[in-house]
Amino acid sequence: MAQHDVKKQMAELREQIEKHNYAYYVLDQPSISDAEYDELMRKLMELEEQYPQYKTPDSPSQRVGGAPLEAFKKVTHRVPMLSLSNAFNEGDLRDFDRRVRQEVGDVRYVCELKIDGLAVSLRYEDGYFVQGATRGDGTTGEDITENLKTIRSLPLRLQKQVTVEVRGEAYMPRKSFEKLNEQRKMNGEELFANPRNAAAGSLRQLDPKIVAARQLDVFIYSVVNSEEIGLVSHSESLRYLDELGFKTNPTWQVCETIDAVLAYIEKWHERRTSLPYDIDGIVIKVDAFAQQKQLGATAKSPRWAIAYKFPAEEVVTQLVDIELSV
Ligand SMILES: CC(C)(CNC(=O)c1ccc(Oc2ccccc2)cc1)c1ccc2c(N)nc(N)nc2n1
């Protein structure tokens, strides 16, 4: 087959595979059978073997490429990864709302689930995934690019050729956590206490092949250089993330009043056990970037956002679980 046609055929295979990846891992709507998917992957990898000059960094074959690392490189975040201050009850939330309104007047909030995973920062250049890092101390994190590439819902190439830095939460779905602990129990290995620890432990693995087997996932929740891109609000940046092909959490909601925020919290506190992943609270953010700027940030956390933490589960139920499981 002529060289030109091979290059074209490989580009088409990459396109098709990533389209099916998106449908399966981002939209949760499989578009072909596993057998057909595997056949496309086999064909692409065969052609990449024969014509390595046509292999590209965004090829799905590169997701589990890397050899085990000796150690993780350090990464300095150009924009610090801040943490959220906490609210534990309705009074804390009303105090937050009162302070915000005193400073910026009428305000709209965006409420989001607080996924119980670990914060990651992802950099893309001209639409290509170039680097991923942990939060670390907020200024310096660890380069876990190779490990993040194994997360199927993380796009290796965006739908637009933009240079963007995004933040999100890597996590382990509860089903994957239960399966992993069953395997570890069979192998007489120490069990992970919860999905958050399992996700953190998995992303700290130096061998990407082990990470790939852990079935991690990620929700993206903010664009760091949003104003540079011309976005004016947090809700607009969430829609922009969807357009780029990221997996965002679809439960976010604009709330015009703190009572609407409290209703959202009540709703998701009740529904949390029906979610396929753990959440440890709700994040409330001022929507308009102009108002976020007015409120600013302390060295540690933004003054325009707060995390409402769900009360810890009654210990009694957990003890019963442990007694039953031994
Ligand atoms: C709001 C922010 C703290 C991210 N934002 C930032 O990290 C951040 C960082 C510098 C910013 O601006 C600065 C730029 C330069 C210097 C100082 C601040 C603004 C936001 C955050 C943290 C954790 C979250 C979580 N677990 N779940 C959801 N759903 N959202 C979350 N959002």
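Atoms within a ligand are numbered from 1 in the order they appear, just like the ligands themselves.
Between Arg303 and Glu103 there is a salt bridge, with a side-chain nitrogen of the basic residue lying less than 4.0 Å from a carboxylate oxygen of the acidic one. Salt bridge present: Glu12 and Lys8 bring a charged side-chain N and a carboxylate O closer than 4.0 Å. We find that Asp95 and Arg98 are joined by a salt bridge, their nearest charged nitrogen and carboxylate oxygen being less than 4.0 Å apart.
Distances from ligand 1 to the non-hydrogen atoms of Phe289 include no value under 4.0 Å.
Judged purely by atom type and a 3.5 angstrom limit, Arg152 uses its side chain to pair as donor or acceptor with the backbone of Thr150.
Relative ring orientation between Trp268 and Tyr264 is described as tilted, the plane-to-plane angle lying within the 30° to 60° band.
Across the listed options Met81, Lys114, Arg78, Lys285, Lys285 owns the non-hydrogen atom lying nearest to atom 30 (N) of ligand 1. In this structure, of His234, Glu112, Gln292, the residue bringing a heavy atom nearest to atom 29 (N) of ligand 1 is Glu112.
Of all atoms in ligand 1, listed by their number and element, those nearer than 4.0 Å to a heavy atom of Pro80 are 9 (C), 10 (C), 15 (C), 16 (C), 17 (C). Which parts of ligand 1 touch Arg167 is read off a 4.0 Å heavy-atom cut-off, strictly below it: atoms 7 (O). Counting atoms of ligand 1 from 1 in the listed order, those under 4.0 Å from a heavy atom of Leu113 are 29 (N).
The distance criterion of under 3.5 Å between nitrogen or oxygen atoms is not met by Val79 with respect to ligand 1. The N/O atoms of Ser222, backbone and side chain alike, include none that comes under 3.5 Å of an N/O atom in ligand 1.
Ranking protein heavy atoms by distance to atom 11 (C) of ligand 1, first place goes to Leu82 CD1, 4.0 Å. Here the heavy atom of the protein found nearest to atom 19 (C) of ligand 1 is Trp304 CZ2, 3.8 Å. Among all protein heavy atoms, the one lying closest to atom 2 (C) of ligand 1 is Leu84 CD2, 4.3 Å.
Less than 4.0 angstrom separates atom 5 (N) of ligand 1 from none of the non-hydrogen atoms of the protein.
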>> Assess the residue pair Asp97 and Tyr109 against the criterion (side chain to side chain donor-acceptor pair (under 3.5 Å)); give the C-alpha distance rounded to whole Å, side-chain angles, the decisive distance to 0.1 Å, and a yes or no.
In response: CA-CA 10 Å; Asp97 179 50; Tyr109 295 115; 2.6 Å; yes

